[in-house]
Structures are given as C-alpha cells and as structure tokens.
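Hydrogens, waters and symmetry mates play no part in the numbers below; they use all other heavy atoms, side chains included. By convention in this document, chain letters (A, B, ...) are assigned in the order of the sequence lines, proteins followed by strands, and residues within each chain are numbered from 1.
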Amino acid sequence: MMMAYYTVDNVLKGKASVGEQITVRGWVRTRRDSKAGISFLTVYDGSCFAALQGVVPNTLTNYDTQILQLTSGCSVEMTGTLVASTGQGQSYEVQVTDVKVIGWVEDPETYPMAPKRHSMEYLREYAHLRPRTNIIGAIARVRHAAAQAIHRFFDEQGFLWVSTPIITSNDCEGAGEMFRVSTLDLMNLPKDHQGNIDFSKDFFGKETFLTVSGQLNGEAYCSALSKIYTFGPTFRAENSNTARHLAEFWMIEPEMAFADLMDVAKLAESLLKYVFADILARRSDDMAFFAEWVDKTCISRLEHILNSSFEMMTYTEAVKQLQACKQTFEYPVEWGMDLQTEHERYLTEQLLKRPVIITDYPARIKAFYMRMNEDNQTVAAMDVLVPGVGEIIGGSQREERLQQLDQRMRDSGLDPAHYGWYRDLRRYGSVPHGGFGLGFERLINYLSGAANIREVIPFPRTPKHAEY
RNA sequence: UCCUCGGUAGCUCAGUCGGUAGAGCAAGUGGCUGUUAACCACUGGGUCACAGGUUCGAGUCCUGUCCGGGGAGCCA
C-alpha cells in the first residue's frame, strides 16, 4: 500500500480526505488510555500549534509491549484512516492501524520537558529541548512568519535586501561596545616599536569587530539603489542584563534615498502594521495560545493598532507632557536630558496606551550621523516606543551635508579622516535620506507578549551565556 | 556594571523561636473513563547552590563565592 505522509497542519487543514490512509511523523505530546479498549495518542510535528489525535485500538500487536509504554517526547510514525472526530477539541482524528516507535525517551521521570507547566527560566536552561513545548514552538512559528512578512513587505515596496558585512572595521559608531574579531595568538601577541599590539599582523591587517549596525554600509547602497534594507545578525558587547537586550540579535535596517524624517516615520508605521496584520491572519493558532496563556491582550491590542494611526510627538512636546503630568518620576524631566525608561513607559503605556513616535531629540544626546534641524539644537531623529517593550525602533534622517557632518563628528569627538568612504557619499551626488533599525526580537516580544527577549531567539547570547 | 529579592524532591514552592524534610504537579503501580490541563488511591524520590564560620545542634544565624528573578544604565 502507498504510504501518504502528511504534516499535522495539512491534515487539520483538510488536505487529506476523510477515509484516506495517512501517516504522520512526530513526537508524542500525551497518551491517555481508555478501558474501552483504546488509547488516545496526540502527536505534534511543529507544522502548526495543534497536535493530531490518534485513536489506537488495543488489538495492535505492539499495544501492550510498546503503545502502553509511550510517554511524552517519544518519536513515532502513526498510520491509520483519517476520520471525522466524534470527540470534542478536534475536527479530525486518525483511526490508527500501525504505530512505529522511532525513538524512546530513556527515562520519563527525568525527561526535562515533562507534560506540565514549566517556568520560562527553567525552559531557558534546556534551550535544545524547549522547542518541544507549546509556547516555544509557537514563538518559533511566529518568528518565522514575521521574518517572511518583513521580506515580503519590503519587496512589495520596492526595497532591495542588501547583505551588509558582519565583520567590520567601522569603529566608534557610538552604538555600543564591540566584539573583537582576531586570529592573533592571545598567548603571543605581536607588538610594534611602542609596545602596542601590532594589528597589521592580524588576519585583515587592521583591527576588526563584529558589526553593531549595518547602517553606514546600507547608506552606501541606498545612495545608488534608492531603497534598501538589511536583515541580519547584530552584535553588542555591552554588559546588559535586562529582559530586552541580547549580545547577539537580529536587526532590520531600511534606508531610503530622497526621504525626510516623516517618510521614515511613515515607513516604520506601515511596516509594523503590515507585520501585525500578517501574523494575526497567518498565525492565529499561535496567537490564540499567547492570548490564553501568556498575555490576554496580545491580539486585541494588535487589532486596535491596526485601526488607528501611531501617535507622533516631538521630544520637546514629550518633555512638556511629562513635566505637566501628576506622575512622580525617580529621575527629573528636563529639556536636554535623555528620556529615562520610566518616562518612555509613562508616555506609551499610560498617557497614550499605544505606540508613539518621538521625534526631534536634542543633538547632544544623539549619534553624529543624524541630520541637524533648522533650530541648530535638535536632530531629525525618531524612536518608536510600544507598550511593554519600550523602544522597538530607532531611526533618523541622516546628515547629507558634508560640512554639517564633519562638524557633528568633531563635536562627538570623532575624526572625520577615519570616515573617508562615508564622507564620499556626501561628496558625490549626496541626497537627503534616512532609515531606522528595528529590533527583530523586540518585535517578536511585542507580538507574543513574552516578557523576556531570551524566549524569542532560539539560543540566546547574553553576558556569561553562550551554551549550546 | 549598580540596586533588590531569591537558590529546599524531576518541576513550582512551604518550612514558625535554631532541634536531621513537607505539599501540589511530574514519574511508577492499580482503579475508573471517547479521553484531550483528565480523575481517584497507593508508591518511589532530598549532598536544603557551594565553601567556611557561630553553636551541644544550622534548611534556618554570619561571611565569601557561584547561579537565577525583578528594577536601572547602555540600546534594537
């Protein structure tokens, strides 16, 4: 007989017909025995949130020897006839005629993924087994769907995906500490005449690091192809121990030519809305799970956002609002100071209760490449803040005027001579342009309601943690 | 890195005034059952994070180290 393999998702979506002989392969979620002479075996394969229920009669030859020994986590190949289910909770089930055990769980008592609720902290210690749980599986599917949606959005909008380098010699970007890339022998470092490490002997002949941002390279391609974006890994060697920082994370950085800050803000809003709508439509099963077990509001708040526009507010206006409100803050609010987390939270979570775009920050607290405004005090920068996660996007219109750029570099303590190729972009056919960085994991955090960013990347890298 | 709270069974936790250990879940066995967060009964399961100290006696008090949670800074 021809064996027809199906994923659980395809079976539940009706791609197999009732009465058909089908085979699914996956892992046992639960086994429940009935004295009616049957066992219920639910099998998942990750293709969707739901598991497929098999009804296993005790007449199978391996019923006593194998079926009754199956525990959560065992891998099986289950064959039988697809039927409409008479029980509640599923539309289809399989009248099983054969179960092949592929792999046993050697000791069910100490199998780390017991069929019960585990804490997120516990699951994190088993990063190689946690994708077998409902919640991490759901996050993995949502993460995949969000990445696909982002690529689709940009493609539809005429943006080209540019792969900017992961190893870079761009230093002092002001975006944080960098991881060094080197092949030098740490036990026997080459030294120059002054006794400094001689990096001319290193692999690239100079100091190199893992990228903290693809933006500067992105600007080069934007200055020729008009609309580009990067989507790749990013590395920050900050000693950050929070629920929203990783040492290795993924970032999306669009860059648009002939664009001002308002164009950039509009792009950010339409990108986020596109992804929200897409996830609600395509991963409704996983979102329903999040809404029931993780964050009751995670669906309703996305729907609400889709029906309203983002709030926009200048930094100066935000400072006024914070000073006028009755809330008492640990840190005082004063024009010229960076907004503290408590301030950002108040604005997005209490005052507005939805995403807000803060624009036009004081030049002193922002990076050198952001474009100076007419007032000569603020720059055309923007941060998108969302409830629960905080800053999900940071972006700006870039300084396209060479003189102003050089001045901003010197004011930031940087030597323009070290930025030759970046300055060239302003010397040859410079155009107004801008873009932003979207933290991919922060986006998944917002979508799923997961409280910690370490749950939304498969193998999180944080200070002192690079296992697996 | 700073502040703060914690580390006790496979997991989540309780443990009073310092007197050698408890529950729920999970697991095992049996019962019941077209079940689906199953239910009922019984059983097994402990280097109380680690090292030192105080004490007749430490899960409990003190010191140090390691690890984890929450908050902050850095930012996406």
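Across all strands, A:Thr242 comes closer than 4.0 Å to base atoms (heavy-atom distances). At the heavy-atom level, A:Leu443 lies nowhere under 4.0 Å from the strands shown. Counting non-hydrogen atoms under 4.0 angstrom, A:Asp33 reaches a base of the nucleic acid. Backbone-only engagement by A:Gln340 is indicated by non-hydrogen atom pairs under 4.0 Å involving sugar-phosphate atoms exclusively. Backbone-only engagement by A:Arg454 is indicated by non-hydrogen atom pairs under 4.0 Å involving sugar-phosphate atoms exclusively. Here A:Glu248 lies out of heavy-atom contact (under 4.0 Å) with every strand.
Contact of A:Ser240 with B:C74 (side chain to base): a donor-acceptor pair of N or O atoms is detected under 3.5 Å. The base of B:G7 does not come close enough to the side chain of A:Glu121 for any donor and acceptor atom to sit less than 3.5 Å apart. A:His118 contributes no side-chain N or O that forms a donor-acceptor pair with the base of B:C11 under 3.5 Å.
With distances taken from any side-chain atom of A:Thr30 to the nucleotides B:A38, B:G34, B:A72, the minimum falls on B:A38. Taking the side chain of A:Arg442 as heavy atoms from C-beta on, and the options B:U12, B:A76, B:G34, the nearest nucleotide is B:A76.
The ring-ring contact (aromatic ring centres under 6.0 Å, His included) test with A:Phe231 singles out one residue from A:Phe440, A:Phe153, A:Phe154, A:Phe159, and that residue is A:Phe440.
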